[in-house]
Amino acid sequence: RLSGGNLIITGLDRDQDSGVYQCTASNSQGTILSQRATLQFAYLENFKTQTRSAVNVREGQGVVLLCGTPLHSGELTFTWVFSEYPHFVQQDSRRFVSQETGNLYIAKVEPSDVGNYTCVVNNTITKERVFSSPTPLVLRNDGAMGEYEPKIELHFPDTIPAAKGSTLKLECFALGNPVPKISWRRTSDISFPNKVKLKNSNAILEIPSFQQEDTGTYECIAENSRGKNAARGRLSFHATPHWLQTMTDTSLSIEENLFWECKANGKPKPSYSWLKNGETLISEGRVQIENGALSISSLNLSDCGMYQCVAENKHGIIYSSTELMVLAQDKWPGRSQWKQTALFSEDQICLYLTASRPHASPRAISLWKRGTEILISLFPNGTLKIANVTKRDGGSYTCIAKNQFGTASTTGRLIITEPMRIRQGPSSTEITVGESIVLPCQVTADPALDVAFFWAFNGQPIDFHQDADHFERVGGSFSGDLMIRNIQLNHGGKYICLIDTDVESLSADAILVVKGPPSPPDLVVVEEVTDSTAQLSWSPGQDNGSPITGYVIQARTPFTVGWQAVDTVPEAINGNTLTATVVGLNAWVEYEFRVLASNSVGMGEPSPPSTKIRTEDAMPDTAPTDVGGGGGTKSELVITWEPVPEELQNAEGFGYIIAFRSVGLVTWTRAVISSPSVTRYVFRNDTIPPFSPFNVKVGAFNNRGEGPFSSIATVFSAEEVPSVAPERVSAKSLSAADIEVTWEPTASTPERVLGYEVVYWEDDTKPDTVGKVRITGNYTAVNVSGLQGNTQYYLAVCAFNTAGTGPQSVPVNVTTKKPPPGQPPQNVEWNLIGSQLVLQWDPVIALETESEVTGYIVLYRRHRNNDMYSIITNKTSVELTLNLNDNYVIQIKTLSEGGLGEGSEPIHIHQLSKSVISCCRLLFCLSPALMSS
């Protein structure tokens, strides 16, 4: 139902009431349409109830758990429940919940991640919440996954349109081992403004209040120790239409012609249509429509009504309304007026007086009088011409208009003023991008005149409000100077200063030439390619006022982060050269190239990239690095290496050749591996003696042939575990938490011993519940810490090497000492006299389950150098000498066989100022009577 201009809908129905609404307003003058209003209904349906399959992954592997968002309308938020509600997944650098896809991304799976995961979807409008069926995450039992470079699983689109003033959020997350770190950059290397925020361990880039200057290509970089990867997307600026020019209500006589034009700005550029009384106008006959212009020839009464210009793009629609009245009058609506007082300059050759045309249909006939004198120097439209104007031409003038319906007149006074002169106008000049300039515009004029200054740029008025970042008008009443700040290339052109008074108008113009870095080159073409070179040609861009002095070529591959400068022949490309050869390229790699021009102002923007090309293939020219190995099990030789990066493999069919021989032999044994990602080879043979040295080298091959080998490395075969256990193992309790274990080193054994491992446990019936302490080197003692007080422990020692641990010694047992007293010293009192501090406290009595108190330790720390000092005493008082120019923190603890006990509350001694010390000294010098008072 309607209530005034309001539409009220009760009992809303999603299917029936969704849609676009417009209000129509009508009266006797015509009809107009309101802005459109869209009615949508938010809802969120339930997940499908089917059981979700388990996801099986290896430890160290990355995984994506899919949410599968149900049907909905309205903004959603996503969370995930781990195991049971309300235990939500906490996001960090390893785990991320996308608010775009709803999926849960785990960069590197750990054993603690095993469990059931439930996707929770919330509708922010209806406040509905639905839960998916749980997805079990299960660890595979075939071992952990090794390290690998980041793989970006979640990234923003290649092109992202963003509306002006909106808040834009870009998401980026990668799987990898180790967990990748995320960083962001703009490919233009322009730094982010302060408003940009990074959230969720850099997985989200947020740009509030998006503006034109925020457009460009953004890059997300995921990096770990195994490599890096990047994703890019271009942000484009979109804006709803807004009016630059609209129409005003218009009254015209019958048979006259109408011309209206409306202009709007927006991104993308808006399209136009016209409505009359709410109905769409069609261009035909007398009515012609072209873009935002409407013309109607030979008006008649049927053309009266309300007209609307409509500007629309995909982001919005706007309306501008106006009224057209067509007049056919048989009487005068009132007396036509011209200004009661008119001012004109004395030096005008001719002066034309025109009264406002009366609203008369048909057109009226005009004549002029000066006093009682009839003036006949008239034009057909009724305008009076006065030639060779002087001050004597001032006076009272009357305009009289007649038609068959009546007569009307109007009278005004003409005043002749001193002529206006331009004292200093703008002059043409050159300026560099980024600089500022003031274009002067100063006049001398009759004091009786109000002078107004206007500026136009390339024929268009300057909008000082919209362009306030660059344009400002400065000066006094007779000065309208134009200041241009931070000049850009698009500010070059013709500037006109327009000076206007009630009498006359003057103008002065100047050409401003803006010099800047060159515009981007164009048409970058790769003309010839080899396995290491590419010959390029290009077309120059605009030099922007300064001759081009040189060019730089950059290249990009799938393996580089962004664009990199490349070597060329010639090495330095001068501004007259439009071709060069890029050298030092990698074989069998896909390249893009771009060219940048420079001049005396600086380096310009890059050209569009060339078409992607791939260099020719070639034999490998890079050998594997970091060749080593060792370890493994009995009768094995383990060889490892750092793989050759994909961009250096030079052709398809890439693999490795492993060559090895026992030290002292001449003949090499070779093995071939056809997988380019393999980094380990194990040779097994029962005749290999343990811990025997081998010469090892690794080479590369591809479909074009074999490449170089690495330098020779010495690698030892697998060794056997020590076969002899340490002897004479003993253990001694040092405190409630520490046990010292000693032993004699193993007797002569053919196996290598790298160190020793102490195994300990509490219950002798369950020796598998153990803790371990390992020490490398030829040591015969170690302290086991972090134990429980007054507890019996069993301990054994064994030797180890790269093959593992040897047999354990016969276990020994020892009981840790009782724990130290749990009660700190109480009732601590202190007295500071000069630099002497006296501390006193109550003695601490240990419980039966605690170690006896054997003394006290006083710990104190100076604030200035942060050094810690201590004093041990068996009394309950102590005297300290302090530096009066420093602050101190003091604490008292008990000493016992079980270790240090709990500390007292810290005592803070603050520096005494010299004035206080002097005051104290003065008081001690006063009389006893005053001292007592």
Minimal non-hydrogen separation, [X] against [Y], with atom names:
X      : Y      : answer
Asn313 : Pro270 : CB-CA, 4.2 Å
Ile254 : Leu299 : CG1-O, 3.5 Å
Ala264 : Ile318 : CB-CD1, 4.4 Å
Met247 : Cys262 : SD-CB, 3.8 Å
Gly394 : Ile416 : N-CG1, 4.1 Å
Pro426 : Ala508 : CD-CB, 3.8 Å

Distance from [X] atom [atom1] to [Y] atom [atom2], nearest 0.5 Å?
X      : Y      : atom1 : atom2 : value
Ile207 : Tyr218 : CD1   : OH    : 4.0 Å
Cys23  : Gln35  : SG    : CD    : 12.0 Å
Ile487 : Asn490 : CD1   : CG    : 10.5 Å
Ser26  : Ile32  : OG    : CD1   : 8.5 Å
Ile499 : Glu504 : CD1   : CD    : 9.5 Å
Ile422 : Leu506 : CD1   : CG    : 5.0 Å

Would a distance-only check, ignoring hydrogens and angles, find a side-chain to backbone donor-acceptor pair under 3.5 Å from [X] to [Y]?
X      : Y      : answer
Asn574 : Thr577 : yes
Asn599 : Asp543 : yes
Gln488 : Val433 : no
Arg473 : Phe453 : yes
Asn291 : Ala293 : no
Thr549 : Ser598 : yes
Lys494 : Asn458 : no
Asp509 : Tyr495 : no
His470 : Asn486 : yes
Glu256 : Ser253 : yes

Could you tell me whether [X] and [Y] have a side-chain N and a carboxylate O separated by less than 4.0 Å?
X      : Y      : value
Lys164 : Asp214 : no
Arg286 : Asp303 : yes
Glu435 : Lys515 : no

Using the benzene-type ring in the case of Trp, are the ring centres of Trp455 and Phe471 under 6.0 Å apart?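 No, they do not, as the ring centres are separated by 6.0 Å or more.
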
Qualifying residues under side chain to side chain contact (heavy atoms under 4.5 Å, CB included), relative to Ser519, sequence neighbours excluded: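 For Ser519 the side chain to side chain contact (heavy atoms under 4.5 Å, CB included) partners, ignoring immediate neighbours, are Gln542, Asn544.
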
Using side-chain hydrogen bond (donor to acceptor under 3.5 Å, both in side chains) as the criterion, list what pairs up with Ser436, not counting sequence neighbours.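 For Ser436, no residue satisfies side-chain hydrogen bond (donor to acceptor under 3.5 Å, both in side chains) once neighbours in sequence are set aside.
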
Would you mind reporting whether [Y] and [X] have side-chain heavy atoms less than 4.5 Å apart?
X      : Y      : value
Tyr551 : Pro540 : yes
Glu261 : Phe259 : yes
Cys304 : Leu324 : no
Tyr397 : Lys369 : no
Met603 : Val552 : yes
Val287 : Ile282 : no
Val438 : Leu482 : no
Phe454 : Asp500 : yes

For Thr410 and Cys399, run side chain to side chain contact (heavy atoms under 4.5 Å, CB included): C-alpha distance rounded to whole Å, both residues' side-chain angles, the deciding distance at 0.1 Å, then the answer. CA-CA 5 Å; Thr410 181; Cys399 175; 4.2 Å; yes

With salt bridge (Lys or Arg N to Asp or Glu O under 4.0 Å) as the criterion, how do Arg594 and Glu605 come out once you've worked through the C-alpha distance, each side chain's angles and the decisive distance to 0.1 Å? CA-CA 10 Å; Arg594 69 181 186 183; Glu605 291 294 311; over 6 Å; no

Looking only at side chains, do [X] and [Y] share a donor and an acceptor under 3.5 Å apart?
X      : Y      : answer
Gln288 : Ser283 : yes
Gln22  : Ser34  : no
Gln40  : Thr38  : no

Within a 6.0 Å radius of atom [atom1] on [X], are there more than 12 heavy atoms belonging to other residues, nucleotides or ligands?
X      : atom1 : answer
Lys195 : NZ    : yes
Glu75  : CD    : no
Glu213 : CD    : yes
Asp450 : CG    : no

For a side chain to side chain contact (heavy atoms under 4.5 Å, CB included) check, start with the C-alpha distance between Val310 and Leu33, then their side-chain angles and the critical distance, and finish with the verdict. CA-CA 10 Å; Val310 184; Leu33 295 181; over 6 Å; no

Mind running side chain to side chain contact (heavy atoms under 4.5 Å, CB included) on Glu472 and Val474 for me, showing each step along the way? CA-CA 6 Å; Glu472 180 183 359; Val474 295; 4.1 Å; yes

Before giving the answer on side chain to side chain contact (heavy atoms under 4.5 Å, CB included), spell out for Asn300 and Val326 the whole-Å C-alpha distance, their side-chain angles and the decisive distance to 0.1 Å. CA-CA 7 Å; Asn300 58 50; Val326 179; 5.8 Å; no

Between Phe457 and His491, how do the two ring planes meet: parallel, tilted or perpendicular, split at 30° and 60°?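 Phe457 vs His491 ring planes: perpendicular.
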
Given the rule in the side-chain hydrogen bond (donor to acceptor under 3.5 Å, both in side chains) test, do Ser236 and Thr215 qualify, once you have shown the distances and angles that lead to the verdict? CA-CA 5 Å; Ser236 58; Thr215 60; over 6 Å; no

Positive for side-chain contact (heavy atoms from CB on, under 4.5 Å) with Thr429, one of Ile511, Ile437, Val513: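 Looking at Ile511, Ile437, Val513, the match for Thr429 under the side-chain contact (heavy atoms from CB on, under 4.5 Å) is Ile437.
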
Which residue is it: Thr248, Thr250, Thr246, Thr322? I am looking for the one with a side chain to side chain donor-acceptor pair (under 3.5 Å) to Trp260.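 That would be Thr250.
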
With side-chain hydrogen bond (donor to acceptor under 3.5 Å, both in side chains) as the criterion, how do Gln308 and Ser321 come out once you've worked through the C-alpha distance, each side chain's angles and the decisive distance to 0.1 Å? CA-CA 4 Å; Gln308 289 178 286; Ser321 304; 3.2 Å; yes

